Amino acid sequence: MADYLKPLPIADLDSQQFWTRCKAHELSAQRCGDCGKFRWPPQAFCPHCYSWKFDWTKVGETGTVTSFVVVHYVSIPAFQEDVPYVVAHITLDGTDQQITMISNVIDCSWEEVRVGMPVRVVFDDVTADVTLAKFRPA
Amino acid sequence: MPEQAIKDKTAIVGIGWTAFSRNSGVTTLTLAAEASLKAIADAGLHVQDIDGVVSFYHRQPEGQMVRELVRALGLKKCNFEFYSDGGGGWNCGAVLSGAMLVHAGICKKVLVFKARNRYSQGRAARAERANDVKGDAQFTTPFGIHHAAASFGPIATAHMARYGTTTLDFAHVAVTERSHAALNKKAMMRKPITIEDHQNSRWIIYPFRLLDCCQESDGGVALVITSSERARDTKHAPVYIMSGMGGQGQTAGLWETNGANSAPLLYEGAGITAKDVSIAEIYDPFTFMCMTHIEDFGLVKKGEIGPWVTAGYNRLDGSLPVNTHGGLMSEAHIHGLNHVIEAVQQLRPEGVVDDLCNGAHTYDRTTCRQVRNPEIALVCGECGESAVLLRRA
């Protein structure tokens with residue numbers, strides 16, 4: 001794992017919880033303490049009711065591909081080994097369509113990926129400190 | 001929604017550009033100055049008449065900074081400088097900013113420019129940006145999104161799933177824009193291409209092939225805005241700024257851009273409807289982005305853009321010529337401010353000056369790219385995050 005050459009996320013004060021929970025293999029997001037709506041990406045206040053109260057909540061591990069691209073040309077050499085790879089918009093189940101994450105769909109050929117395809121999270125421990133939440137066909 | 005208070009109060013009176021290339025061999029300051037001095041001369045003005053300067057950049061300053069140009073031009077008195085971070089969304093926002101400065105009485109003559117060495121120096125800048133993993137990028141870069149095609153591709157894929165648009169539809173935009181560029185002496189890509197060339201070009205990032213992607217360019221363009229009153233004394237017939245808007249918003253889904261939010265404000269602000277638009281210079285970093293912008297500005301019904309471009313309505317003699325210069329795809333990528341230049345050229349009484357006609361325009365499409373009597377032009381930036389309506393005098 002020491003030779004993982006791809007860029008790693010830099011967590012900030014808003015997102016630290018998300019990445020910490022990813023490392024513990026839990027997919028999570030913030031939920032407003034007043035209106036109860038989910039939000040993504042992490043931020044300190046609710047974009048719906050502007051409340052500053054929130055909880056970090058475990059979210060469902062399944063979702064739907066709402067769109068995607070297939071990368072054949074890379075700008076960062078470390079990704080060349082994965083070409084062609086899929087990057088998808090995945091709307092998570094049970095979040096009232098409020099959470100759409102961007103991630104890879106793995107463990108299937110790119111020709112199989114479709115808008116509307118159900119997927120399930122799979123945690124990829126890319127280094128000792130960082131885990132990326134990716135998805136595979138459900 | 002009433003007409004905008006700024007309607008027809010300001011005009012574009014001067015335009016200028018440098019050669020567009022893959023290696024300018026000069027600094028962005030030189031490019032900016034060359035385009036600006038040409039635009040000022042085209043307006044019949046003196047450099048010291050300029051009292052406001054506006055430009056824009058994407059994320060981090062990657063073009064020529066405003067303050068350096070003001071200093072280099074030796075302006076004795078600049079009343080307002082403005083350098084915005086709106087990127088490709090802001091070509092028309094920059095124009096509208098200049099118009100607002102004039103209309104507000106803060107400046108009398110505003111220079112709007114964009115200059116960049118994006119081909120010769122862009123690769124290094126892009127490589128650096130590709131590794132950005134802070135802020136929003138912490139949720140994209142680690143998953144392999146490092147290219148505009150990966151950021152905008154999902155908009156196309158969602159549209160394809162919802163409306164049945166195909167990558168074969170995209171090909172018609174690439175081919176038509178190239179045919180327009182063939183009639184444009186300053187265009188960087190003029191060699192005709194076919195539908196087969198498009199379909200056989202390699203995947204860059206699905207759903208975009210090589211010939212769906214615009215190019216990167218070195219070059220500069222500039223224009224001068226003044227009040228409609230003062231415009232009567234300038235060298236060329238003015239091109240009036242009817243209305244404009246700039247900003248972001250949310251839409252119904254990925255398949256729709258902010259153009260859908262801005263179009264009603266834009267048309268009502270000008271007191272017209274989409275049907276009154278004669279030509280459209282549409283931001284086109286990828287073939288499909290041009291297509292969705294055409295729809296989102298109400299020029300074609302949502303979901304029907306594929307058959308529309310396939311039928312060729314976007315050609316020079318079509319019902320709505322689009323990107324008459326060849327666009328970012330085939331003319332050059334001067335962040336879409338070159339689209340504004342093209343609209344002004346098309347709307348001037350003498351028409352475009354850099355097609356293959358010798359003397360009067362012939363409308364022979366082997367040499368002439370002037371559209372027949374266009375009256376109103378729509379120009380828009382990325383995702384419809386800014387737009388202006390321009391009309392001829």
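To find a chain, count down the sequence lines: A is the first, B the second, and so on, and within it residues start at 1. Worth saying up front: this structure is predicted, and the values here are computed from it rather than measured. Below, each value reflects all heavy atoms present in this structure, side chains not excepted, and no hydrogens, waters or symmetry copies.
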No-hydrogen, no-angle side-chain donor-acceptor test under 3.5 Å, [X] and [Y]:
X	Y	result
A/D55	A/Q30	no
B/H333	B/R116	yes
A/T95	A/K37	no

Ion pair check, [X] and [Y], cut-off under 4.0 Å:
X	Y	value
A/K23	A/D125	no
A/E81	A/K6	yes
A/E26	A/K58	no

Considering only heavy atoms and a distance below 4.5 Å, find which of [options] pairs most often with chain A.
options	result
B/G153, B/A158, B/G144	B/G144
B/I155, B/I145, B/D136, B/T140	B/I145
B/R202, B/H147, B/Q138, B/M160	B/Q138

Residues which pass ring-ring contact (aromatic ring centres under 6.0 Å, His included) with B/H146, listed by chain and number, not counting sequence neighbours: A/F79

Side chain from CB out, backbone as N, CA, C, O: work out which of these in [X] comes under 4.5 Å of a heavy atom of chain A, or both, or neither.
X	result
B/L254	side chain
B/A156	neither
B/D132	neither

B/W90/B/S386 under side chain to side chain contact (heavy atoms under 4.5 Å, CB included): CA gap, chis, key distance, verdict: CA-CA 6 Å; B/W90 208 247; B/S386 77; 4.2 Å; yes

Main-chain N/O of B/G306 paired with B/T310 side-chain donor or acceptor, under 3.5 Å: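 It does hold such a pair.
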
Residue among A/F18, A/W40, A/Y73 with most heavy-atom pairs under 4.5 Å to chain B: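 Option with the greatest count: A/Y73.
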
Pairs of heavy atoms under 4.5 Å with chain B: top-ranked of A/V86, A/D12, A/V130, A/I76: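 Of the options given, most contacts go to A/I76.
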
Under 4.5 Å from any heavy atom of chain B - which part of A/V71: both

Within 45° cone of A/F123 ring axis and under 6.0 Å: A/K134 NZ or CZ: no

Residues 97-112 of chain A: residues contacting chain B (heavy atom under 4.5 Å, by number): A/I102, A/S103, A/N104, A/W110

